[in-house]
Structure formats: C-alpha cells, structure tokens
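Working notes for the structure below.
Just so it is clear, the model here is predicted, and its values are computed rather than measured. Reckoned from all heavy atoms, side chains included, excluding hydrogens, waters and symmetry mates.
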Amino acid sequence: MEQEDSNRGLIEIAQDAVTDLITGSSIPAPIKRNAFKAFAQLCTAAIDIPVAYFEGISAEKRAETQGRLKIINTGADQIATQMDVDPEFARVAVKKYGQKIIREQVNLNKISEIAAGQIQQEALLKLKPDAATEVPVINEDWLNNFEKQASQKSTEEMQLLFGRILAGEIQKPSSFSIKTVNLLGELDRAVAALFLKLCSLCVCLKVRDSYLDARVPSLGRNAASNALRDYGLSFDQLNILQEHNLIISDYNSYFDYKISIAGGIIDGSYQVGLPLLYQNKYYVWLPVAERPKDQVFNLHGVALSKSGKELLRIVDIQPSENYTTALTDYFTRQGLQMLEMKVDDGNL
C-alpha cells in the first residue's frame with residue numbers, strides 16, 4: 001500500500017509538471033506540440049490520463065486493463081496446463097511482469113517530469129517567447145527508441161541525463177541521434193563518471209548549440225603516452241571511453257584554434273572570430289608578442305566523437321583547479337594569455 005501511494009505521488013508530480021508546461025504562456029506553440037506528443041506517449045500524467053492509474057486509469061482504460069489481465073491469466077492457466085507446471089507459478093510470473101511494467105512507467109514519469117521542468121526553466125531565461133520559432137515535429141522512431149532506453153533507468157543520475165536529452169529533443173528535434181541515446185543507455189555509472197571527468201577538462205569551439213570541436217588538450221605531449229594520467233585520464237581510461245564511442249581513436253588529433261586568438265582591441269572589446277569555451281566560461285587568447293594574422297594554432301589532444309559532443313551538452317561540468325593551472329601554463333608557453341570574456345550564447 002505504501003509503495004502504491006508513493007507511485008501515485010510520482011504520477012501527481014509528473015502530471016503537475018507536464019500540465020504547467022503545456023498550458024504555460026511562455027512556451028512557443030511548436031514546442032508545446034512536441035511536448036504534448038512526447039509526454040502523451042511516455043508519461044501516464046499526460047493530459048487525458050488521470051491520476052488513478054493504479055485503479056484502472058479511466059473507464060476505458062479500466063476495461064482494457066481488466067481485459068488484458070483476464071487474457072493473461074487465462075493464457076497463464078493454459079500454458080501451465082500445457083507445460084505441466086503449477087498454475088500458481090504462471091500467476092507469479094504474470095505478477096512479476098506487471099511489476100516490471102509499473103517500474104518502467106515510474107522511470108518514464110520521473111524522466112518526463114525532469115524534461116518538463118527543464119523546458120520551463122529555459123523558457124524563463126528568455127525575456128520574450130518567440131512564437132514564430134520554426135521547430136520540426138519530434139520523430140516517432142526517435143521517441144519509440146527513447147522510451148525503450150529511458151524506461152530502464154532507475155538511478156537519479158541517469159534519469160537526469162535522459163530528462164535533459166528529452167527536453168533538448170522536444171525543443172530542437174535531431175539534437176540527439178538514436179545512436180547517442182542508445183550509447184547513453186549502455187553506459188554504467190563508472191563509465192558515465194569517467195566521461196564527466198573528460199567533459200570537465202574539454203576546451204571547445206561552440207556556435208549556439210553545436211560544437212565545432214571539443215577536446216582535452218594534451219599539454220604539448222601525447223595522451224596515448226599517459227600525458228593526461230595525472231588528471232584522471234590515463235591511457236587505459238581513454239581506451240574505455242573510446243570503446244564506448246565517446247572519443248575518437250586518435251588520442252593526439254588536432255584542430256586549428258586560431259579563430260580564438262584576438263586580433264586586437266577596439267573600443268575596449270577583443271576582436272576575435274570565435275571565443276573558446278572552457279569550464280562553462282568563454283575565453284580569448286591574447287598574444288604576448290606580435291603574431292602573423294593567419295598563423296595556425298593546432299591544439300592537440302583527445303577529441304570527443306559526434307555522440308560525445310552531443311552528450312557534452314547535458315553534463316554538469318566539474319571544476320578542476322590542477323588541470324586549469326596546467327592548461328593556462330601551457331598556453332603561456334605558447335605565447336598566449338588566456339583571458340575571460342563575457343559572451344551571450346545567443347549571439348555566437
């Protein structure tokens with residue numbers, strides 16, 4: 001009885017979050033449309049389904065539920081007879097299957113609640129909702145696959161990540177590929193923690209919601225030779241991340257970051273093509289000495305894969321003072337001073 005009351009509470013919470021989102025005035029209509037479609041499939045709290053889920057959901061749902069149980073129990077008795085097993089064994093199996101279904105639905109409700117809350121929070125950060133925003137319809141195949149993966153996630157950490165993915169996909173479909181959703185679904189807590197550490201050390205070039213590049217600089221050495229071991233990314237640990245397709249196989253690849261080197265200062269502002277992003281802050285490199293305008297600056301290190309860059313959007317970056325110090329010292333040796341910039345993401 002206590003567990004049933006707890007599950008009812010989860011449904012009520014999810015119902016409130018979903019209802020607030022879909023009826024709220026701060027959410028553009030195209031996003032509401034996607035939210036309605038997603039939550040109607042994933043969440044028992046969606047609009048036309050009342051809280052009395054465990055009592056049969058509604059007259060129609062109650063009939064459907066009772067009908068299915070009758071069929072299942074009848075089938076269980078028939079199977080028990082055919083297989084010459086105790087009918088009680090078959091009924092226990094039916095009960096266990098029912099518990100599994102309820103557990104999966106509770107997981108989906110929690111994830112739906114997280115997604116609804118995140119969309120609301122992001123909408124509040126915008127001064128004026130853009131009602132004319134063009135947003136494609138969320139893909140049904142994507143939703144079906146997401147439902148399958150998300151229903152298995154019972155830990156708070158994984159539910160938070162799946163909730164953020166759902167929120168991102170509702171607002172901007174195709175932000176997360178089916179491959180990326182499946183990849184996240186296969187991660188255990190240890191690999192997820194290792195990926196978080198990697199992301200927290202990443203230097204990135206980001207334009208709005210897309211990453212042109214994201215990598216952990218190897219500080220003038222080769223990560224394949226344990227250059228990053230002191231920062232929790234040994235060669236063996238990098239191999240684990242690569243086996244999960246979170247990073248590319250070349251641990252010493254490079255990308256030209258000259259776009260982040262300031263060409264000068266006009267009216268007190270640094271003239272830079274694109275600032276770099278590190279630890280959730282934007283930076284520009286200011287040359288210590290005069291530097292040819294088109295001189296390349298290849299930054300070597302461990303680069304995130306396409307799926308890794310998609311997942312980078314949803315992780316909580318953790319501070320790393322020792323790596324930040326080493327990174328700043330490395331850039332200083334390259335004749336570049338790393339200076340923080342105040343940047344509006346929407347203007348990049």
Side-chain angles (χ1 to χ4, degrees), residues 14 17 34-35 37-39 41-43 100 103-119 121-122 136 138-202 204 206 208-211 213-216 232-233 237-249 277 280 302-318:
N34 280 343
K37 181 176 180 179
F39 295 136
Q41 175 168 334
L42 299 175
C43 181
K100 174 179 179 292
R103 184 168 58 249
E104 290 177 351
Q105 188 58 62
V106 167
N107 291 341
L108 290 172
N109 272 31
K110 289 182 178 179
I111 289 169
S112 296
E113 177 199 347
I114 291 169
Q118 172 137 344
I119 295 172
Q121 183 178 13
E122 292 180 12
I138 193 168
N139 184 272
E140 290 187 10
D141 288 339
W142 189 95
L143 266 179
N144 291 337
N145 184 74
F146 180 87
E147 180 178 15
K148 178 181 177 182
Q149 295 291 340
S151 65
Q152 306 305 310
K153 300 306 170 187
S154 300
T155 66
E156 291 183 4
E157 299 92 334
M158 295 305 289
Q159 287 176 348
L160 178 61
L161 295 178
F162 271 88
R164 289 175 176 175
I165 282 183
L166 180 58
E169 194 70 13
I170 286 173
Q171 296 175 92
K172 187 179 178 182
S174 299
S175 293
F176 300 91
S177 66
I178 288 178
K179 178 181 179 181
T180 297
V181 174
N182 290 342
L183 188 156
L184 180 61
E186 294 171 358
L187 296 187
D188 57 33
R189 296 182 70 175
V191 178
L194 186 57
F195 180 63
L196 170 60
K197 182 178 298 183
L198 177 89
C199 291
S200 296
L201 306 186
C202 272
C204 314
K206 182 183 179 185
R208 295 187 182 275
D209 294 326
S210 299
Y211 289 92
D213 186 68
R215 65 185 55 244
V216 179
L233 295 173
Q237 289 169 317
L238 292 177
N239 285 341
I240 293 172
L241 292 170
Q242 201 281 319
E243 287 169 2
H244 285 82
N245 297 312
L246 292 165
I247 60 176
I248 68 173
S249 58
L277 178 64
N280 290 328
V302 180
L304 270 65
S305 65
K306 182 178 183 297
S307 290
K309 286 187 286 188
E310 289 181 6
L311 293 175
L312 176 58
R313 305 171 191 163
I314 64 170
V315 301
D316 291 320
I317 301 299
Q318 304 297 316

Taking only residues two or more places apart in sequence, or in another chain, which ones meet [X] in a side-chain hydrogen bond (donor to acceptor under 3.5 Å, both in side chains)?
X: Asn139; answer: none
X: Gln242; answer: none
X: Glu147; answer: Gln41
X: Lys148; answer: none

Are any non-hydrogen side-chain atoms of [X] and [Y] less than 4.5 angstrom apart?
X: Val216; Y: Ile247; value: no
X: Phe39; Y: Ile170; value: yes
X: Ser200; Y: Ile317; value: yes
X: Ile138; Y: Phe146; value: no
X: Asn107; Y: Gln152; value: no
X: Leu246; Y: Ile240; value: no
X: Val302; Y: Leu233; value: no

Checklist line | Whether Glu113 side chain and Asn109 backbone form a donor-acceptor pair below 3.5 Å | finding: no

### Any donor-acceptor N/O pair, Glu310 side chain to Ser177 backbone, under 3.5 Å
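Yes.
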
Does [X] have any side-chain contact (heavy atoms from CB on, under 4.5 Å) partners at least two apart in sequence or in another chain, and if so, which?
X: Asp213; result: Arg215, Phe255, Tyr257
X: Asp209; result: Lys172
X: Asn245; result: Leu183

Is there a side-chain contact (heavy atoms from CB on, under 4.5 Å) between Met158 and Leu184 once you walk through the steps?
-> CA-CA 9 Å; Met158 295 305 289; Leu184 180 61; 3.8 Å; yes

How far apart are the closest heavy atoms of [X] and [Y], and which atoms are they?
X: Leu312; Y: Ala214; value: CD2-CB, 3.8 Å
X: Cys202; Y: Leu304; value: SG-CD1, 3.3 Å
X: Ile111; Y: Ala150; value: CD1-O, 3.5 Å
X: Pro173; Y: Pro136; value: CG-O, 3.2 Å
X: Ala38; Y: Leu166; value: CB-CD1, 4.3 Å

Just to verify, what does [X] make a salt bridge (charged side-chain N to carboxylate O under 4.0 Å, His left out) with, not counting sequence neighbours?
X: Lys179; value: none
X: Glu140; value: Lys37
X: Glu104; value: Lys100

>> I'd like to check the ring-ring contact (aromatic ring centres under 6.0 Å, His included) partners of Phe176; sequence neighbours left out, ordered by chain and number.
In response: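 Phe176 satisfies ring-ring contact (aromatic ring centres under 6.0 Å, His included) with no residue once adjacent residues are dropped.
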
Indicate every side-chain donor-acceptor pair of residues 185-199 with a distance under 3.5 Å to a residue at least two apart or in another chain.
residue : atom : partner : partner atom : Å
Asp188  : OD1  : Ala190  : N            : 3.2
Asp188  : OD1  : Val191  : N            : 2.8
Arg189  : NH2  : Glu157  : OE2          : 2.6

Can you tell me how far the [atom1] atom of [X] sits from the [atom2] atom of [Y], to the nearest 0.5 Å?
X: Leu201; Y: Gln318; atom1: CG; atom2: CD; value: 11.0 Å
X: Arg103; Y: Gln105; atom1: CZ; atom2: CD; value: 13.0 Å
X: Asp141; Y: Asn145; atom1: CG; atom2: CG; value: 9.0 Å
X: Gln118; Y: Leu160; atom1: CD; atom2: CG; value: 7.5 Å
X: Glu156; Y: Ile114; atom1: CD; atom2: CD1; value: 8.0 Å

State whether a side-chain donor-acceptor pair under 3.5 Å links Asn182 with Gln149. yes

